[in-house]
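Reminder, nothing fancy here: chain letters follow the sequence lines and each chain counts from 1. No experiment lies behind these values; they were computed from the predicted model shown.
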Amino acid sequence: MSGDAEPAAQPDLRLELARTWSTPQGWWGVIVNVNHTDLGKRFMAAAAFYFCVAGILSMLIRAQLASPRSAFVGPEIYNQIFTMHGTLMMFMFAIPMFEGLALYLLPKMLGARDMAFPRLTAYGWWCYVFGGMILLASMLVGKAPDGGWFMYTPLSSRTYTPGINADIWLLGVTFVEISAVCAAVEITVTILKLRAPGMSLDKMPLVAWYLLVTALMMVFGFPPLILGSVLLEVERAFGWPFFDPARGGDALLWQHLFWLFGHPEVYIIFLPAAGVISTIIPVMARTRIVGYGWIVAAIFALAILSFGLWVHHMFTVGIPHMALAFFSAASTLVAIPTGIQVFAWLATLWQGRPELKLPMLYLLGMFVVFVMGGLTGVMLAVVPFNWQAHDTAFVTAHLHYVLVGGFVFPMLAAIAYWLPHVTGRQRLPRLGEAAFWLIFVGFHATFFFMHIVGLMGMRRRIDTYHAETGWTLINALSSVGSYVMAFGFALFLGDCLMQRFVKRRAAADPWGATTLEWAMAIPPRAYNFVSLPSVRSRDPLADEPGLTQQLKRGEGYLARVREGLRETLGVETSTGRIEQIVVLPGNSALPFIMALVTGGFFLSMLAGLYWIAPAPVLGVVVLACRWAWQGGARADVGPLQIGRGERAPPHPETTSTPGWWGSVFTLCADATFFASLVFGFAFLWVVAPNWPPPACIGSISVEAAIGIAAPMLAVVAVSFARAALRRGALARAMGACMAAGVLVFVAAAGVAAIPVLGKLPDVTAHAYAAVAGAMLAYLALHLVIAFVMLGFAAARLRAGYMSALRMHELAIVEQWTRYAAVVAAIVLVILLLSGACR
Amino acid sequence: MSAVFALSAAWLVWAAAFAALYALHGLGCAIGADERSVGPLTQLQVMMGVVWIAALAGSAGIVLALWRGAEAAPGGVPRRLLRASWMAALLAIFITGLPLTFPSACV
Amino acid sequence: MMWRVMLIGATGAFALVMVLLAAGFLRPGGGAPVSVGAWLGWGGVGFVSTVLLALLAYAFTVGLRLAPTASPGGVTITATAEQWRWRFDYGPLRSGGTEAIMVLPAGRPVVVQVTARDVIHSFWVPRLAGKIDAIPGHVNRLRLQAAAPGEYAGVCAEFCGIGHRSHGFMVLALDEPGWNAFVSGTDPDELSPWTLR
Ligand code: HEM
Ligand SMILES: [Cu+2]
Ligand SMILES: [Cu+2]
């Protein structure tokens with residue numbers, strides 16, 4: 001093996017690395033690019049674009065509300081404007097912005113060459129682009145969603161929104177959400193596996209902890225909304241009455257699913273920003289963060305508590321007082337870990353000698369705005385007060401204080417801080433400071449007095465008001481403030497763009513930071529590090545002077561290119577011990593094509609061409625197989641030299657691969673989706689009006705027995721295949737996989753028999769049958785997935801991609817087969833029990 | 001990963017207790033468990049109280065165990081931190097359960 | 001009252017953070033390790049949780065008083081919202097219902113049963129009580145009481161489509177004779193809050 005001999009450092013190492021990691025020029029290069037630096041920048045640029053679009057919409061809102069009885073636009077348009085403002089800001093700006101930042105920074109801060117799944121990065125990017133295009137196009141033709149950013153049913157149901165507006169929201173946002181879940185899985189696995197050797201979890205930079213927790217929250221927080229959107233779209237398209245009270249559905253189910261996502265979402269937006277704050281403050285104060293351990297513990301508390309707050313958005317829906325009190329208590333408790341962080345930042349400033357450089361200035365803005373938003377939030381958690389302030393301008397003010405203070409100001413600080421890293425250049429003096437003051441003053445002018453009109457009774461989401469209300473002056477002030485703020489943002493943007501033209505090179509580590517992203521040439525090369533560091537402390541640049549130069553000289557790990565492969569190191573999740581060489585895929589058009597085909601599915605649903613929809617689904621399956629087929633190895637090579645006299649096996653020869661972990665977290669998201677569906681069933685059964693249903697599921701004991709037993713046998717067969725593979729008995733392993741596939745197929749046939757034999761009552765007649773149908777569909781889908789994967793495994797075995805050493809692919813297939821078996825057991829037992837529905 | 005579990009465990013117990021209380025409340029009110037009395041309490045109060053006390057006792061037990069036991073660090077997380085997490089979660093379970101003492105459950 | 005308490009508390013907390021922040025920049029010295037326990041233990045956990053738990057206790061007690069339990073001498077009225085109308089029915093008290101105007105006796109507790117026929121709306125009379133949602137398929141109860149006869153404006157407080165802005169109604173609180181006339185069938189248009197004036 002050419003790579004096995006260890007040259008001290010390949011003489012033309014940088015050239016070789018550049019060639020291996022490069023992307024072609026031109027359009028083709030744009031399409032096949034999977035590099036995290038480029039895609040991270042694209043995400044951030046696109047998010048900034050959507051911020052501008054949504055910002056312009058908010059200017060329109062303020063123009064409309066500036067004076068009483070304004071006739072600028074009517075309610076039809078106004079409703080679209082504020083709905084799109086909220087939707088774009090939440091889904092197209094905030095989430096993608098931090099995703100972009102994470103994609104750009106994570107590998108660099110962790111000491112890796114790329115993210116764990118580069119093609120997934122690109123797929124997420126294209127989903128975001130296409131989903132965004134759907135939303136933008138709808139706005140241009142005046143058919144944008146108009147039901148408010150939380151799309152309450154029944155207003156968003158077919159009866160009350162007959163047009164395409166609501167479908168745009170449901171499908172467009174779901175499309176973008178796929179991108180978010182991809183990013184979440186990828187961020188989680190990257191942090192757990194692709195760190196620099198020696199970087200045990202407790203030596204990670206704090207922001208990695210923040211991003212890890214955020215990503216995990218997304219894994220569990222997004223599926224409820226995806227489920228809600230799928231159900232609502234199925235109700236709109238096919239008339240399955242999940243939310244229709246006349247047929248046993250319940251509008252409150254949507255609210256639960258939405259806010260089960262929606263509240264954690266607020267923290268999903270806040271936590272990465274808090275990570276940025278915790279990174280920048282110690283650098284600005286020239287010290288180290290105070291209370292690292294406290295902060296980590298607080299983040300976990302915050303993350304989990306935030307899943308227990310969702311009902312505080314539903315304090316007025318008529319939930320009994322005792323239940324409200326549970327949520328009121330949790331909403332109050334969640335402020336404590338937030339308080340810990342604020343005090344940790346203050347303590348860090350006290351411990352150091354803070355300097356008022358530009359990023360710090362924006363963080364001061366954060367302190368003022370965010371703390372105020374937090375305090376009004378605590379007020380809103382008080383139920384009796386909430387009953388007065390709910391749905392008024394007070395809430396609008398509160399939510400902007402939180403989002404702008406907790407996200408926008410920290411992001412501005414982040415841009416000021418890392419822009420020299422991205423461009424390698426310095427900014428012009430003073431411009432950023434002027435922008436800060438415009439934004440800061442404009443913001444308070446816009447939103448502070450909105451608290452007061454809110455308390456005076458001004459509702460949100462109204463397009464005009466009468467002069468007699470006495471709200472005129474405040475609203476005029478607020479509108480003027482918003483224009484001042486807009487000038488500030490324009491100036492900030494101008495400042496950033498200026499760097500294209502003003503060529504003043506930035507110093508290598510302009511802020512005196514101590515994290516690894518500054519231990520490289522800026523602007524960064526596609527491969528990040530010439531050689532990979534070994535980490536011994538939390539602040540490697542401070543504790544190991546000369547590290548940057550050592551890495552550039554190729555004195556770290558992997559200072560070579562083996563057979564033109566893109567390689568980085570994989571470590572054990574907690575200790576950071578070297579475990580494997582992760583071989584990453586190169587440039588590929590597959591993500592683009594896959595996103596295009598996925599988009600085809602969404603478009604056919606949007607256009608109501610339901611008979612076309614199966615074609616893109618089939619396309620996705622085929623492409624997924626193609627995707628998974630690339631990579632892997634057909635021969636065992638054993639541990640290879642990685643430099644510094646150490647060796648590690650390439651990842652296919654290990655068990656704890658990034659792919660295996662990726663599959664675990666995907667299953668976590670999937671299981672959350674399923675759990676939400678089961679929750680929906682229980683919820684409707686207990687709470688919804690018009691139960692019991694007119695007809696129950698017929699006797700399905702035979703179908704259920706087949707559907708439960710066959711997947712269990714398939715699980716046994718796969719274990720057998722694994723054992724055979726371990727012994728090197730390839731033919732047996734292949735036979736066992738095929739047998740398992742047949743068993744899964746039999747199970748699918750058994751499940752399909754239930755509706756085919758007419759044992760499922762009419763799904764459009766009552767929510768009972770609709771949810772039962774949805775559960776069966778979910779089960780069938782997972783049996784099909786298991787079937788395809790088992791076939792895939794057999795083919796891979798046959799083609800020589802597996803051996804007693806290379807077993808991880810089979811392990812992944814085993815996970816999914818087991819999951820299908822568990823789902824089968826749960827769904828069928830539930831259906832058996834619910835046969836007695838009357 | 002074990003560190004992630006160690007750091008979340010306390011709060012996952014809180015989340016489980018919270019979810020159980022909320023679910024029991026919804027179910028209990030739907031089946032009228034608040035109208036059937038058991039001694040001075042209602043059936044609903046008894047059901048929810050059992051869950052609450054079990055969660056409290058469970059996490060109190062873990063706090064005690066963390067206090068005694070050897071100075072090992074599960075998943076590489078310092079003891080001190082775990083102890084703080086579990087005590088905070090114990091307190092959180094206590095506070096979130098306080099509404100159980102309200103006189104009426106389903107209005 | 002509650003509002004004033006919260007405002008003072010919030011202002012105090014905000015001022016504290018700002019003073020600490022300013023001191024971090026302005027005070028001479030710095031660069032010496034600070035005490036983690038003092039900052040995070042006493043400040044982050046101790047201070048924050050004391051304030052919050054006090055507030056929570058207060059909220060619990062106030063909230064309990066507002067529970068919509070029926071009380072003797074009370075009146076029950078059903079409010080039904082729809083795009084974009086409000087209908088009020090008085091059960092056995094009065095045979096005909098009213099539209100856009102809700103009539104109630106001043107000085108007596110009233111329980112309003114709120115529901116909707118199409119989409120979600122919300123029943124809100126800012127001067128009389130907090131809001132409660134009107135949800136199709138559900139009946140929510142809200143307790144309110146008008147201390148004095150008079151007219152009180154009510155609005156829909158949940159976005160309900162094109163007509164949301166002007167989806168309002170009027171509450172007419174009558175004195176005892178006026179109420180008696182109303183329940184015996186007099187049209188509300190012919191009544192004013194004070195019969196005797
Ligand atoms: C740039 C300055 C901004 C201005 C001037 C602004 C202005 C407004 C106004 C006036 C409304 C109220 C519309 C109404 O209820 O009638 C609103 C709603 C909203 N804004 Fe903003 N906003 C800004 C930035 C943001 C940001 C950064 C976010 C989130 C990251 C955001 C998220 C929202 C959401 C979620 C709503 C609620 C939409 C709904 O009711 O459906 N806004 N904004
Ligand atoms: Cu919330
Ligand atoms: Cu309405």
Side-chain angles (χ1 to χ4, degrees), chain A residues 75-76 79 147-148 152 154-155 160 245-246 250-252 287 290-291 294 316-318 321 324-325 328-329 332-333 335-336 339-340 342-344 346-347 349-354 356 364 367-368 371-372 375-376 378-379 382-385 387-388 390-391 457 459 461-464 688-690, chain C residues 2-3 6 10 13-14 17-18 20-21 23-25 27 30-34 36 39-40 43-45 47-49 52-53 55-56 58-60 62-64 66-67 83 114 118-120 122 124 126 129-133 135-141 155 157-165:
Chain A
E76 297 85 358
N79 295 351
Y152 278 177
L155 185 59
Y160 303 104
D250 196 331
L252 288 182
T287 180
V290 173
W294 285 80
T316 57
V317 303
H321 187 71
L324 291 188
S328 196
T332 316
L333 288 174
I336 297 175
I340 292 181
V342 171
F343 274 84
L346 288 171
L349 287 173
W350 273 63
Q351 172 170 287
R353 293 192 202 84
L356 205 57
L364 287 185
F367 269 107
V368 175
V371 170
M372 287 174 71
L375 292 170
T376 48
V378 171
M379 295 182 189
V382 174
V383 175
F385 178 70
W387 285 345
Q388 281 299 338
H390 180 88
D391 246 85
R459 290 171 292 154
R461 296 175 167 181
I462 51 170
D463 58 332
T464 63
N690 291 320
Chain C
M2 170 180 66
W3 164 238
M6 290 202 303
F14 180 70
V17 173
M18 287 306 119
L20 289 177
L21 186 62
F25 275 83
R27 114 208 124 93
V34 299
V36 178
W39 276 90
L40 300 188
V45 179
F47 167 71
V48 176
S49 45
L52 290 178
L53 295 183
L55 189 63
L56 189 66
Y58 184 65
F60 278 178
V62 174
L64 277 179
L66 296 178
Q83 281 179 335
V114 182
D118 40 31
V119 307
I120 298 177
S122 189
W124 189 28
K131 60 202 70 164
I132 191 87
D133 289 356
I135 305 172
H138 291 264
V139 179
N140 284 328
R141 295 152 64 84
V155 287
E158 181 64 61
F159 179 65
C160 58
I162 305 275
H164 171 59
R165 185 222 318 144

A/T287 side chain vs A/Q351 backbone, donor-acceptor pair below 3.5 Å: no
Toward chain A, the part of C/L56 with a non-hydrogen atom under 4.5 Å: side chain
Backbone N/O of C/L20 and side chain of A/W350: donor-acceptor pair under 3.5 Å: yes
Max heavy-atom pair count under 4.5 Å with chain A, selected residue of C/E158, C/Q83, C/M18: C/E158
Side chain / backbone / both / neither for A/A347 at chain C, heavy atoms under 4.5 Å: both
Atom group of A/P245 that falls short of 4.5 Å from chain C, counting heavy atoms: side chain
A/S328 side chain vs A/L324 backbone, donor-acceptor pair below 3.5 Å: no
Residue selection (most heavy-atom pairs with chain C, distance under 4.5 Å) from A/I462, A/D391, A/L349: A/D391
Region of A/L252 that comes under 4.5 Å of a non-hydrogen atom in chain C: side chain
Chain A contacts, top residue of C/V114, C/L40, C/V48 (heavy-atom pairs, under 4.5 Å): C/L40
Pairwise distance CG(C/D133) to CH2(C/W124) - rounded to 0.5 angstrom: 12.5 Å
Which atoms of A/Y152 approach chain C - backbone, side chain, both or neither, heavy atom under 4.5 Å: side chain
Between A/P154, A/P75, A/P689, the one whose heavy-atom pairs under 4.5 Å with chain C are most numerous: A/P154
Interatomic spacing from CZ in C/F25 to CZ in A/R353 - rounded to 0.5 Å: 14.0 Å
Residue, of A/R461, A/R459, A/M372, that accumulates the most heavy atom pairs under 4.5 Å with chain C: A/R459
Plane angle bin for C/W39 and A/F343 - parallel if under 30°, tilted between 30 and 60°, otherwise perpendicular: tilted
Over all atoms of both residues, closest heavy-atom pair of C/I120 and C/C160: O-CB, 3.7 Å
A/I340 versus chain C, the contacting section by heavy-atom distance below 4.5 Å: both
Residue selection (most heavy-atom pairs with chain A, distance under 4.5 Å) from C/L52, C/V36, C/I132: C/L52
A/Y160, part contacting chain C, at a heavy-atom distance under 4.5 Å: side chain
Side chain, backbone, both or neither of A/T376 within contact of chain C (heavy atoms, under 4.5 Å): neither
Region of A/D250 that comes under 4.5 Å of a non-hydrogen atom in chain C: side chain
Selection from A/A325, A/A344, A/G339 maximising heavy-atom pairs under 4.5 Å formed with chain C: A/A325
